[in-house]
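Note sheet for the following structure.
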There are 2 protein chains.
Amino acid sequence: MFSKACEYGIRAAIYIGQQSAGGRRVGLKDIAAEIDSPEAFTAKILQQLVRAQLLTSVKGPTGGFELTPEQLRTVTLRQLVVAIDGGAMLQGCALGLPQCSAQQPCPMHYQFLPIRDQLNELLRTHTIGELASKVQEGLGFLKQFS
Amino acid sequence: MFSKACEYGIRAAIYIGQQSAGGRRVGLKDIAAEIDSPEAFTAKILQQLVRAQLLTSVKGPTGGFELTPEQLRTVTLRQLVVAIDGGAMLQGCALGLPQCSAQQPCPMHYQFLPIRDQLNELLRTHTIGELASKVQEGLGFLKQFS
DNA sequence: AAATTAAAGGATAAAATTGTCCGGTATTTA
DNA sequence: TAAATACCGGACAATTTTATCCTTTAATTT
Ligand code: FES
Ligand code: FES
């Protein structure tokens, strides 16, 4: 569905959000450990998200990553996905036609569209803050414990 | 969404199905031209599908690929996807957790599940023959003309 | 100011996916 | 039975994705 980069990015953002909601700034090492992702690769993704202004970073001691209250409230899953994977999967044709349109639709087009639309809606209507709360309340997990 | 291999595989299968419905067996060259895919790569994918018995091939002059009436009627999109991409995207967690389950769900789990289920249902309930008819009737396309 | 801390950025490497090439094999036609 | 056709199979190459390492930059603490 999403790329590994995107999966890590989303999980990281949610974890950072959860901690930011509690006023805690978190470092890369901590993040990678808590979401079970490769540290250096996660760093690259977080850099992208910082550049896209979807989260905030601070250098030096006591530094790390955080989400401002505004970011927590307004940044959506969709923004993360677009920043990392681009819009292709949110707009592209299911069968890989160069563009998805009703002019020359693929044979799955009309069946596929409503599902893709629901996915778009899902991503558009969920903020990092909202998902972070869910984790905070123990209703969702960012890695699996055995 | 799907891999390139899967996109080519589905488009190819539908085209072969369309021709088979008219009693015509088709060769690789023809297929690749009609669905706008790289010839040699498409060959690899078709080999997989033949091995999985989702379509049939005949060697030699007048040879090529075809779908038996039974294959046309019974082979689903889902079978193609599973044969090429594996079941990961049809069962895996949206955020990449090692497994999707209600025991330790990711924060998107309950929102994501219905969409994934619809996608599964979509793939499960559409046969190659059905999609081939759509193309035959001019209601769907396997490549785009400009 | 010096030392320490932690993210940023660049270069590289490994792995997976996508794509090509070519000799082998089965089948048909002459 | 020889030649031609077209899929099969293995090796190989290019590209993209995933992942690592190391130096630089910025900020804090001593
Ligand atoms: S044209 Fe294929 S999904 Fe719209
Ligand atoms: S656990 Fe993530 S989708 Fe089910």
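Side chains are part of it too, since the values below use all heavy atoms of this structure and drop only hydrogens, waters and symmetry mates.
In this structure, B/M108 and A/L77 have side chains that are in contact, with non-hydrogen atoms separated by less than 4.5 Å. Annotation: side chain of B/H109 is not in contact with side chain of B/C93 (no heavy-atom distance under 4.5 Å).
Both A/L54 and A/F2 sit in one connected hydrophobic cluster of ILVMFWY residues. Membership requires side-chain heavy atoms under 4.5 Å apart, directly or through other members.
Taking atom NZ of residue A/K4 and atom C1' of nucleotide D/dA19, one finds them 13 Å apart after rounding to whole Å.
Using a 3.5 Å distance cut-off with no hydrogens or angles, the side chains of B/T42 and B/S37 do pair a donor with an acceptor. For the 3.5 Å distance criterion, the side chains of A/Q144 and B/Q104 fail to qualify, holding no donor opposite an acceptor. Side-chain contact annotation: A/T127 with A/T76, donor-acceptor N/O pair under 3.5 Å absent.
Non-hydrogen atoms lying under 4.0 Å from DNA chain D are contributed by B/K44, B/Q47, B/V50, B/R51, B/S57, B/V58, B/K59, B/G60, B/P61, B/G64, B/F65, all within residues 35-68 of chain B.
Put simply, chain A comes within 4.0 Å of DNA chain C, heavy atom to any atom, from C/dT4 to C/dA11, going 5' to 3'.
Distance from the side chain of A/A5 is smallest for D/dT18 among the nucleotides D/dC7, D/dA19, D/dT18.
Here the options are A/R24, A/R25, A/E34, A/Q136, the test is side chain to side chain donor-acceptor pair (under 3.5 Å), and the partner is A/Q19; only A/R24 passes.
Other residues, nucleotides and ligands contribute over 12 non-hydrogen atoms within 6.0 Å of the CD atom of A/Q48.
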